[in-house]
Amino acid sequence: MVLSINSSSEIKQKLNYAKKNWPAAVDKYEKQEKELGHQRNSLSKTDTDATFMHMKEDHMKNGQLKPAYNVQISTNNQYILSYSLHQNATDTNTLIPHLKQHIKNHGIKASNITADSGYGSEQNYQWLEKRRITGYVKHNQFDRNQHKKTRDKKPYSSDKLRYDAARDIYYCPKDKPMRNVGTYTQKTSTGFEQTITRYETESCKWCRLREQCHNSKGNRIISINHNQQRLKSRADKRLKTRRGIAKRKQRCFDTEPVFGNIKHNHNFKRFMLRGLEKVRVETGLLALAHNLRKKIA
Ligand code: SF4
């Protein structure tokens with residue numbers, strides 16, 4: 001093995017550079033890490049409270065990230081009832097803090113809420129269930145499952161397998177039993193604990209469906225989150241009721257036009273202020289102006 005050894009003057013130069021610059025750099029990175037907190041992985045130098053996010057308006061069509069805040073609103077008949085600002089681009093993680101703030105501000109909880117599929121996570125469903133708030137909230141497979149063509153695209157996927165709850169056994173496409181081989185827990189990025197159960201087929205050897213059924217070398221193993229499945233299936237049933245269909249329709253002409261009116265009709269596309277608190281006040285003024293305009297229109 002050949003090692004390249006730098007000359008002593010080169011090493012000295014690097015050590016001097018490190019001594020001079022590293023303490024300041026370490027301080028700077030530690031400060032930025034504190035500002036980032038646990039929920040985000042980027043911040044803007046011009047507004048350290050803002051996080052880099054993908055914008056819906058992408059004029060350059062290059063997916064450029066821009067410093068932004070994730071604004072969430074609750075509406076009723078196109079009036080803004082509450083708003084909240086988030087430093088996280090993922091809508092799923094904003095539902096609970098948004099509703100907590102709504103409850104705090106109004107002193108009462110909503111009896112029911114409607115939200116699109118970006119909010120349909122196990123954690124959100126469970127939170128709503130515990131608080132007895134009826135959620136008309138789609139999950140990410142809801143729309144896909146409404147169309148036979150897309151629904152039938154993967155005929156052997158785990159959600160199509162028959163389950164015998166009393167015996168806790170799944171049946172594979174060849175009707176062979178898949179037995180419970182263990183449970184484990186995992187945490188999501190928000191710290192929510194999920195319980196996953198694994199089921200394994202007795203033997204996939206010589207099976208003619210082997211190629212279409214799965215890719216693993218041994219027997220087929222599926223991982224099931226029973227609680228998530230239960231909550232999703234409750235949401236599915238609720239969304240398909242007459243009231244659920246009406247609520248889904250209402251969301252399109254209740255919440256979306258509010259954003260459309262502010263952003264398109266009033267050309268409000270960027271905040272004038274910087275910093276979470278100031279932007280919060282700016283959003284409040286926007287909401288107030290929107291409600292007043294609507295009231296006198
Ligand atoms: S490959 Fe295995 S899991 Fe799939 S159908 Fe055949 S026996 Fe069942």
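Below, each value reflects all heavy atoms present in this structure, side chains not excepted, and no hydrogens, waters or symmetry copies. Position 1 is the first residue of the sequence, and the numbers go up from there. Both ligands and their constituent atoms are indexed starting at 1 by order of listing.
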Determine whether [X] and [Y] make a side-chain contact, defined as any pair of heavy atoms from C-beta on separated by less than 4.5 Å.
X	Y	result
F268	E282	yes
R280	E277	yes
T185	Q194	no
L161	I222	yes
D175	R162	yes
Y170	N180	no

Look at [atom] and say which protein heavy atom is nearest, naming residue and atom and giving the distance to 0.1 Å.
atom	value
atom 6 (Fe) of ligand 1	C207 SG, 2.3 Å
atom 8 (Fe) of ligand 1	C172 SG, 2.3 Å
atom 4 (Fe) of ligand 1	C213 SG, 2.4 Å

Quiz prompt | N, O or S of C204 under 2.8 Å from atom 2 (Fe) of ligand 1 | solution =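 Coordinating: yes.
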Quiz item: How does K174 reach ligand 1, if at all, at less than 4.0 Å between non-hydrogen atoms: by side chain, backbone, both, or neither?
Solution: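 It is both backbone and side chain that touch ligand 1.
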Can you name the atoms of ligand 1, numbered from 1 with element, that are less than 4.0 Å from a heavy atom of [X]?
X	value
R220	3 (S)
S203	7 (S)
R210	1 (S)
T201	3 (S)

Exercise. Determine whether I80 and L85 fall in the same hydrophobic cluster, where Ile, Leu, Val, Met, Phe, Trp and Tyr are linked whenever their side-chain heavy atoms lie under 4.5 Å apart.
Key: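 Yes; tracing contacts between hydrophobic side chains, which count when under 4.5 Å, links both residues.
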